[in-house]
Amino acid sequence: MKKYRTHTCNELNIKNNNEVVLLSGWINKKRDHGNLLFLDLRDNYGITQCVIDNKNQLFNKIEKIPLETVVQFEGKVVKREKETINKELNSGEIEIKITDFKILGTTKELPLPVFSDQEYSEEIRLKYRFLDLRRAKIHKNINLRSKVISYIRKEMENLGFLEYQTPILTSSSPEGARDFLVPSRLNPGKFYALPQAPQQFKQLIMVSGFDKYFQIAPCFRDEDARADRSPGEFYQLDIEMSFVNQNDIFEVVEKLLNNVFEKFSNKKIQNQKFPKITYFDSMLKYGTDKPDLRNPLEICDLTKIFNREDVKFELFKKLVSEGSIVRAIITKDTNTKPRSFFDNIDKWAKDEGSSGLAYFTLEKEDNKISGKGPIGKFFSPEACQEIMKISNAEIGDSIFFACGQKKDVEKLLSLARDKIAKDLNIIDQNLFAFCWIVDYPMYETDDKTGKIKFSHNPFSMPQGDINTLNLNNPLDIKAYQYDIVCNGIELSSGAIRNHIPDLMYKLFALAGYNKKAVENKFSGMINALSYGAPPHGGIAPGIDRIVMLLANEKNIREVTMFPLNQNAQDLMMNAPSSVEDDQLKELNINITKKE
RNA sequence: GGGGGUGUAGCUCAGUUGGUUAGAGCGAUCGCCUGUCACGCGAUAGGUCGCGGGUUCGAGUCCCGUCACUCCCGCCA
């Protein structure tokens, strides 16, 4: 017989009746009837009920074993009476009649119960993560993550990709997120940086003649956390391909994501062929470049309505004449909604820091169209008709208006789409709605300086004929730059890269970098592209967010084994921590105390 | 860096208008109980009400400050 177990806690059933077995695991739960004791033994695989009564001399000892003690039970598999079968358990038709036991690992009093559906504070969960991870739901999530990653590896290999590793200690990059720095002992005063992504390396891999690269790549960015964004590190499915255009990459990723989401979730995929939405359209229709397409609400621009003589809403008219825009969300058949529905939304908008959302509902009486609601009276029948024409609104629909600067209106209405859809309960929770956001602008204007800057990755290839590219209107240049969005969550962004050094110098010049500055900052990259670089491009879907969607979790810590908290601390391992003076000395580092 | 929420027993929470000795469930300890699977019943222990200051005859409750956790904004090419 094996030393610790002959079976796991999930595999015994009626076929094993009368077998003598050894099981090892944790005491999940005890039900002590005084002279009869049930113990649920748990391991990674499941639960098996073990039983002992007071005729056995071990009874008094086993009765006293605390929950979460690691024990080994020897016993006989016994068929349960029909009325005592537990259909919740795979092993529910049998139980183990204990004949012997051994304690393999004792426990102190638990700081949090393992067997419970209660929620616990993050602090206690992260401090005792090893206990938290024993709990059923998160244990399952972590195993799901493992299976997803393993499946992705196989799929990528089937699609002809090979996994290549890239350095963890690399150089600090001037653009992008804050770097994590690592001091160099052998090069005093100099620092490595942890990679924000293997961006340059994967391009170098293409230049090196490897054709299809992928990696489950750790990425490190020293930025503040969000619910869907771990501080410190996260993982990307990093992909790069040579001799491809945008559609070649879309094809690979659509195939992969369809397979992954079909295999690991029962939810439906809205469109197997992901719709392509231009950045411009997305900002107009959804107010964001990560729209939740499960939400049927759309935004339309009604600015020109407020230039009409027969619209008397002077507040908006004045703002429009001063350069503001007006956009609106139409809600279908909301004429029956109570006043409180509208007021709640207006109040919500004010809480968001805006001046609120004006609204009215379209009505028809005696063949005359009118607006009902606080600002309805300001619109003539003809103006209402014009609004209906532009927005596809119908009688019975309501219109929520926002007026202001473009950026503010987009932001407010983007949030309002979510808020209103939630209130109306019109989001299909049983759906994955993927889309591509394409045609990102190459440049944008810096809000603070007013200067032209790269809006995304400076290494992206501009669209159009590169020989006749009009560089005089940089804000009009679009890039082969794209994002994947699913249910309003940005899953990844990618691009066809610019592999032509001359073009790159020109593009950098528009953003204010002269040739020397580019060579200084990106010497490795530019140098490599100067020796025969293939056209190439790629993408990098976020693994953590994919698993979040599959596990139906809203917080990334629910799918991360050992996450940092919001202040980027590991409460279990006590990281980050102070180090010995000797260590600092060796690294030529002085700490200046923060005041 | 800014805004919101939370902080009361080991854990999850309740605590009225400021008023006597701060409660419940789970867990722990002890006792009873032979078919439970959230077993049941009884008892006991367990509290710097995050911390500091203030107002008050009196503060878990009101005010100010501070810390921790969390959500959001900024940030994340």
Side-chain angles (χ1 to χ4, degrees), chain A residues 28-42 47-56 59 63-64 66-68 78 80-89 91-92 95 97 107-128 131-132 135 173-179 196-197 199-200 219-232 234 351-353 411 415 440-444 446-448 453-460 479 481 483 490 493-495 508 511 521-522 540 542 554-555 557 564-567 569 571:
Chain A
N28 192 56
K29 191 71 189 165
K30 288 191 290 186
R31 289 173 295 281
D32 189 350
H33 293 236
N35 295 313
L36 175 72
L37 171 65
F38 298 99
L39 302 112
D40 290 339
L41 194 68
R42 183 195 73 241
I47 284 175
T48 299
Q49 174 167 283
C50 305
V51 62
I52 187 167
D53 67 24
N54 65 349
K55 287 171 200 135
N56 190 314
F59 182 86
E63 196 184 22
K64 292 206 159 45
L67 298 183
E68 294 307 308
V78 182
R80 293 203 208 180
E81 296 297 325
K82 212 173 211 163
E83 56 277 14
T84 65
I85 286 172
N86 184 347
K87 283 177 188 155
E88 306 281 303
L89 301 180
S91 63
E95 62 195 8
K97 201 162 183 192
T107 177
K108 299 198 279 190
E109 188 178 340
L110 300 171
L112 65 94
V114 172
F115 174 73
S116 164
D117 288 331
Q118 265 177 31
E119 308 243 358
Y120 306 94
S121 70
E122 290 285 334
E123 200 173 356
I124 205 96
R125 290 183 63 189
L126 294 182
K127 185 167 179 191
Y128 297 96
L131 289 178
D132 189 38
R135 299 169 64 218
S173 60
E175 306 272 321
R178 229 172 268 120
D179 282 319
Q196 295 176 24
Q199 181 61 39
Q200 295 197 42
C219 303
F220 306 91
R221 293 177 194 176
D222 188 4
E223 296 295 349
D224 288 351
R226 291 288 183 276
D228 63 350
R229 201 167 84 201
S230 268
F234 62 98
D351 288 345
E352 286 293 314
K411 192 165 186 180
L415 294 170
Y440 276 83
M442 191 86 201
Y443 300 98
E444 63 190 12
D446 191 307
D447 281 342
K448 288 166 201 153
K453 63 169 190 177
F454 288 108
S455 67
H456 247 78
N457 185 337
F459 296 115
S460 296
Q481 169 85 43
D483 278 13
E490 183 190 320
S493 59
F508 268 100
K521 287 188 169 185
F522 307 105
K554 288 201 167 56
N555 193 301
R557 290 184 296 273
L564 301 177
N565 70 7
Q566 195 165 44
N567 292 322
Q569 300 159 336
L571 300 175

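Within every chain, numbering begins at 1; the chains are lettered A, B, ... in the order of the sequence lines, protein sequences first and strands thereafter.
- A gap of 16 Å separates the P atoms of B/rC33 and B/rG42, to the nearest Å.
- With both ends at atom C1', the span from B/rG15 to B/rG7 equals 15 Å, rounded to whole Å.
- With rounding to the nearest 0.5 angstrom, the NZ atom of A/Lys29 is 10.5 Å from the CD atom of A/Glu68.
- Using bins of under 30°, 30° to 60° and over 60° for the plane-to-plane angle, the ring pair A/Phe459/A/Phe522 lands in the perpendicular bin.
- The partner of B/rG65 is B/rC51, judged by Watson-Crick or G-U wobble contacts that both fall below 3.5 Å.
- Spacing of P atoms, B/rA9 relative to B/rG2, comes out at 30 Å, to the nearest Å.
- Distances from the side chain of A/Asn54 to the nucleotides B/rU34, B/rC37, B/rC71 place B/rU34 closest.
- Remark: side-chain polar atoms of A/Glu223 are paired, donor with acceptor, to backbone N or O of A/Arg178 under 3.5 angstrom.
- Within the 4.0 angstrom heavy-atom criterion, only backbone atoms of the sugar-phosphate kind lie near A/Ser455; the bases stay farther away.
- Stacking between A/His33 and the base of B/rC39 is present: ring centres sit under 5.5 Å apart and the planes differ by under 30 degrees.
- Heavy atoms of other residues, nucleotides or ligands lying less than 6.0 angstrom from NZ of A/Lys30 number more than 12.
- Residue-level contact check: A/Glu123 touches the backbone only, with heavy atoms under 4.0 Å from sugar-phosphate atoms and none from bases.
- The residue A/Leu110 sits close only to the backbone: its heavy atoms come under 4.0 Å of sugar-phosphate atoms, none of a base.
- Counting non-hydrogen atoms under 4.0 angstrom, A/Phe38 reaches a base of the nucleic acid.
- Taking atom P on both nucleotides, B/rU17 is separated from B/rG3 by 29 Å, rounded to a whole Å.
- A/Glu119 comes within 4.0 angstrom of the backbone, heavy atoms only, and of no base.
- Residue A/Arg226 places at least one side-chain N or O under 4.0 Å from the OP1 or OP2 atom of B/rC73.
- Taking atom P on both B/rG18 and B/rC63, the two are 10 Å apart, rounded to the nearest angstrom.
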